[in-house]
Number of protein chains: 2
Amino acid sequence: MNSINQIAKELKVSKSTVSKIINGKAREARISEALEKRVLDYVEKVNFKPNSLARSLATGKSLTIGLIVEDIGDSFFGPMALYIEDQLKSQGYHVLYSSTLGNPIEAKVIMQSMIDKKIEGLIIAPTLDLSNQIKELQELKFPLIIFDRNIDDNQANFIGTTNYGSSKLLCEHLLKNQYKNTGFITIDSEQSQMKDRREAYVDFARENGMQENILSIPYETHKTDAIKSIEKWLLANPTVDSLYFSTNYLCISGLKVLRKNKLNIQNYGIVCFDDHESFDIIFPSITCMEQPLEAMSKEIVKYLLLQIKGKDILSDQIEIPATLIVRESSK
Amino acid sequence: MNSINQIAKELKVSKSTVSKIINGKAREARISEALEKRVLDYVEKVNFKPNSLARSLATGKSLTIGLIVEDIGDSFFGPMALYIEDQLKSQGYHVLYSSTLGNPIEAKVIMQSMIDKKIEGLIIAPTLDLSNQIKELQELKFPLIIFDRNIDDNQANFIGTTNYGSSKLLCEHLLKNQYKNTGFITIDSEQSQMKDRREAYVDFARENGMQENILSIPYETHKTDAIKSIEKWLLANPTVDSLYFSTNYLCISGLKVLRKNKLNIQNYGIVCFDDHESFDIIFPSITCMEQPLEAMSKEIVKYLLLQIKGKDILSDQIEIPATLIVRESSK
DNA sequence: AAAATTTAGAAAACCGGTTTAGCAAACTGC
DNA sequence: GCAGTTTGCTAAACCGGTTTTCTAAATTTT
C-alpha cells in the first residue's frame, strides 16, 4: 500500500505539498507547474489512491448517505433504492443501506451504527416507535428525510404519496362501477400510510352509507400465512362484491386464495394500492394505484441535498399524487 | 461532539487508558476496577460513541462489506441482498451496496470507490469485462466472492446455481410432456449464467434431434421493448409448440404478448428459469426452476467470512441445485 | 541597498482513535 | 534492604490524510 507519506518521501517533498496537488489546489497554494507535474506523474505511475477513511476523518465529510428501508427485497423499496442510489451517485455520494424488516429495535441499532460511520444524511422509511431517535437527529440539525410512512407530529422533511386521497379514489372507482359492498383487506399496522388508506375507506363507506368490511391481518404474519386468514374471511363474507387490497402483496395472496377455492375472480371487483409487475399479465388484470416511485425518489434526493448543502433543516411535508390505473378487474 | 480526548481531559486520565477501557481491555491492561467504573460511568453519562472512521483508520478494519449487484430493484438481486445483509449483520458487518445496471465502466468505478472506502470484502455479480479488476483483487489476496454469473478462467470463489444442468432439466421436462418443438427466448448476453442456459438448450436439442429456435434479444432493450421482438418472433414461428424463457422478466414480457395477441396461452407449453411471485397466481400457472436464494446467500457469506478470518483466498466453484417447480403451464 | 512583499514549499498541528513503549510506585524474593 | 517484578497508568508514536502556520529565497518597492 502506498500513502501520501511515502510519496512525499520518495519525491523528497513535503506531504502537504502532495496533498494540495492531489486535491487540485496547486494554483491557489502557489506550487510551481513543474513540481505539480512531477507529483502528478508519480501518483499516476504508482496508481496512488488516497485513503478515504483518513480523508473523511480529516475533512469531516464521508460522502456517504444512509438509506434505511423495511425490506430491500420488496417490489416497492427495491426499485426506490435503485432510483435513490442512482441519483445520489451522480452527486458523488455513496449509499449505505439496511433493511429493518419492521423491527424498531433493529432500526435503532442500524441508525446508531450509520451515524457512527459518519453518514452525512439519512433517508428512512421509519418503523413504529422511532420518534425519539428521529427527533434527536432533527434537533442536531442532521440532514434527514422520512419517506413512505410518516411519524406522528413530524417536524422533519417528509416525502410520500397521497395515501388518503388516492385510497378514496379507489373506493370511488369501485362505487362508480356498481360495486356497493367493498371488503377492505389490510395489515394491522399503525404505520401512517396504512392508517391513511384505511381511514379513507372507512370515511368513504360512512359518507356513502356503505357497509364497512375490514380484514386486518397481523403485521408479523403478513407474508407467510396471510393466505389462510383471507380464505377464512372471504368464505365468511359472501355478500362482499368487491375487494380492495391495501398493498400489492396482500392482493397477490388474495388472488391465490380465489384461485385455490375456484372462486371466480370475475365475480369480484378488485382494486389494489400499489402496482405490481404481474397485475397486467394476469386475467383479469388488476386495477390499482401506481405510486410515483421515480418522482418520490427525485424529491427525496433533492430535499436531502438541499439540507446538506444549505445546512438548513427543512420540514416540508410533500405528498406526490399516485396514478389510478384502470384495468379489467374493476369493470 | 465528544471525543476520547475530551473525555480523557475531563477525567484527568490518559486517552490510552480511556481507549482500553472502552474496548473492554481494562483487565489485560491492568487498569483498576475503580478507574474502569469511573470512565465507563462517564462514557455512559455523556453518551459517548467512538468515531468509527478514526477507529477504522487506526485498526485497519472497517467492518464493511461491499455488495455489487446488477439491479437492486430486481426480484432476484433484491431478495438476495436482503439475505446477505441479514447474515452479515449478525456477524457485525455493514453492507455498502451498489447497482451496476450491467455497465462495466460503472462497475469499475464502483469497485474502486468501495475499495477506497476500505471494505474488508467484496461480493459481486460481475458485469462483462471485469476480469482484470477481479484478478487484481485476487492477487492482492482480497476477500472476494463472485456470484450468480462467473467470469472466464475464474480463480476466485464462485457461488451460483446449476445453470447448465437445470436448464437441461427444463428442456427434458417439456419433451417428457410431449412438447417437441421448443422455442428458447433469451437475452443476447455473454454472461456465464445466460450462456450456460442457452448451451444446455442447444445441446439438448442436438442430442434429441430437435429443431433449434432461438430468439436472442439485445441486452439493452430487454426490459423496455423486448415485447415487440417477442411478438414478431412468435408470429413468425407458428410451429413452435412450447416456450422456454431464460429469465422471469422475459417470461412476463412473453405472457403479455400472448395476452395481447389473444393467443391461447394453453396452446403452448411454457417453462421459465427462475421463479416469480406472479407465476402461481396466473392461469395457467408457470412451471419454472426456482433458484436457491437462501442457500446461495448462506454459502456466499460463509465463504466470505472464511476468507476474511482465514486470510486465505479460496477458489471453490460452488453450484447449488435449483428446484424444478411443476405447474400448469407445462402439462 | 535596505525594507517590504511575494513566492514556493516545508513543517507542524490536527482529525479521533489504537497500540507500543516507558516509568514511578508498590510489591516480592532472598 | 536492595535488586527484580509487578502494578497501574501515562506519554508518545502511529493510521493517512487536510489545513494552518512558518520560513528561506526571490522580487519588488522606495
Side-chain angles (χ1 to χ4, degrees), chain A residues 1-40 42-43 46-64 92 112-113 115-120, chain B residues 1-40 42-43 46-64 92 112-113 115-120:
Chain A
M1 298 294 161
N2 39 26
S3 71
I4 207 173
N5 278 296
Q6 286 172 32
I7 290 181
K9 195 173 292 176
E10 202 65 40
L11 295 179
K12 299 205 200 313
V13 296
S14 132
K15 66 191 258 197
S16 61
T17 305
V18 177
S19 171
K20 283 167 193 156
I21 292 174
I22 284 171
N23 289 293
K25 296 180 182 166
R27 281 300 79 69
E28 70 188 79
R30 295 183 312 240
I31 288 166
S32 69
E33 291 187 16
L35 181 53
E36 182 183 15
K37 180 165 183 339
R38 195 157 67 92
V39 171
L40 286 180
Y42 187 77
V43 161
V46 300
N47 191 28
F48 167 73
K49 306 283 176 192
N51 180 319
S52 62
L53 289 177
R55 175 177 275 174
S56 293
L57 179 60
T59 60
K61 314 225 132 295
S62 66
L63 287 178
T64 302
Q112 185 60 56
S113 154
I115 291 164
D116 292 348
K117 285 198 184 262
K118 304 296 164 186
I119 54 171
E120 289 181 46
Chain B
M1 296 299 161
N2 40 29
S3 70
I4 208 173
N5 279 297
Q6 285 172 34
I7 291 182
K9 193 174 291 177
E10 203 66 41
L11 295 179
K12 298 203 201 313
V13 297
S14 132
K15 66 190 258 195
S16 59
T17 306
V18 177
S19 171
K20 283 168 192 157
I21 291 174
I22 284 172
N23 290 293
K25 297 180 181 165
R27 280 300 78 71
E28 68 189 77
R30 297 185 309 243
I31 288 165
S32 68
E33 291 188 16
L35 180 54
E36 181 183 17
K37 180 165 183 338
R38 195 156 68 91
V39 171
L40 287 179
Y42 187 78
V43 161
V46 301
N47 191 28
F48 167 73
K49 306 283 176 194
N51 181 320
S52 60
L53 290 178
R55 174 177 276 173
S56 294
L57 179 59
T59 59
K61 314 222 132 297
S62 66
L63 286 179
T64 302
Q112 185 59 57
S113 155
I115 291 164
D116 292 348
K117 284 195 185 264
K118 303 296 164 185
I119 54 172
E120 288 181 45

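A 4.5 Å side-chain heavy-atom check between A:Leu53 and A:Leu57 finds every atom pair outside the cut-off. Here the side chains of A:Arg27 and A:Glu36 are in contact, with some heavy-atom distance below 4.5 Å. When side chains are defined from C-beta on, B:Lys118 counts as touching A:Asn51, because their heavy atoms get closer than 4.5 Å. Counting only heavy atoms from C-beta outward, the side chains of B:Leu35 and B:Arg38 approach each other to under 4.5 Å.
Note on the helix from C:dA1-D:dT30 to C:dC30-D:dG1: angle between the axes of the first and last five pairs equals 50°, rounded to 10 degrees.
Taking atom CG on A:Leu11 and atom C1' on C:dG9, their separation rounds to 14 Å, with Å as the unit. The interatomic distance linking A:Asn51 (CG) with D:dC15 (P) rounds to 11 Å, in whole Å. At whole-Å resolution of the value, CD1 in B:Ile115 and P in D:dG16 are 17 Å apart. Rounded to whole Å, atom P of C:dG17 lies 10 Å from atom CG of A:Asp116. Taking atom CG on B:Leu57 and atom P on C:dG16, their separation rounds to 12 Å, with Å as the unit. One can place NZ of A:Lys49 at 17 Å from C1' of D:dG16, the figure rounded to the nearest angstrom. Nucleotide D:dG16 holds its P atom 12 Å from the CD1 atom of A:Ile7, rounded to whole Å. The distance from atom CG of B:Asn2 to atom C1' of C:dG17 is 13 Å, rounded to the nearest whole Å.
Taking every heavy atom of both residues into account, B:Ile22 and B:Phe48 meet most closely at CD1-CE2, 3.3 Å. Contact between A:Lys61 and A:Ser56 at its shortest, heavy atoms only, is O-OG, 3.0 Å.
B:Ser62 and A:Lys117 share no side-chain donor-acceptor pair at under 3.5 Å.
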Test log, rule side chain to side chain contact (heavy atoms under 4.5 Å, CB included), inputs B:Lys20 and B:Ile31: CA-CA 9 Å; B:Lys20 283 168 192 157; B:Ile31 288 165; 4.2 Å; yes
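Between B:Glu33 and A:Leu53, the one whose closest nucleotide on DNA chain D sits nearer the 5' end is B:Glu33.
Picking from D:dG16, C:dA10, C:dG17 the nucleotide with the shortest atom distance to the side chain of A:Ser14 gives C:dA10.
Taking 4.0 angstrom as the limit, B:Ser32 places a side-chain polar atom (N or O) nearer than this to OP1 or OP2 of D:dC9.
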So which protein nitrogen or oxygen atoms get under 3.5 Å of nucleotides 18-28 of chain D's nitrogens or oxygens?
from	atom 1	to	atom 2	distance (Å)
D:dT18	OP1	A:Asn23	OD1	3.3
D:dT18	OP1	A:Asn23	ND2	2.9
D:dT18	OP1	A:Arg55	NE	2.9
D:dT18	OP1	A:Arg55	NH2	3.2
D:dT18	OP2	A:Ser19	OG	2.4
D:dT18	OP2	A:Asn23	ND2	3.2
D:dT19	OP2	A:Lys25	NZ	2.7
D:dT20	O4	A:Lys20	NZ	3.2

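Residue contacts shown for A:Lys61 are absent, as no nucleic acid heavy atom lies under 4.0 Å away.
Distance NZ/B:Lys49 to CG/A:Asp116: 6.5 Å, rounded to 0.5 Å.
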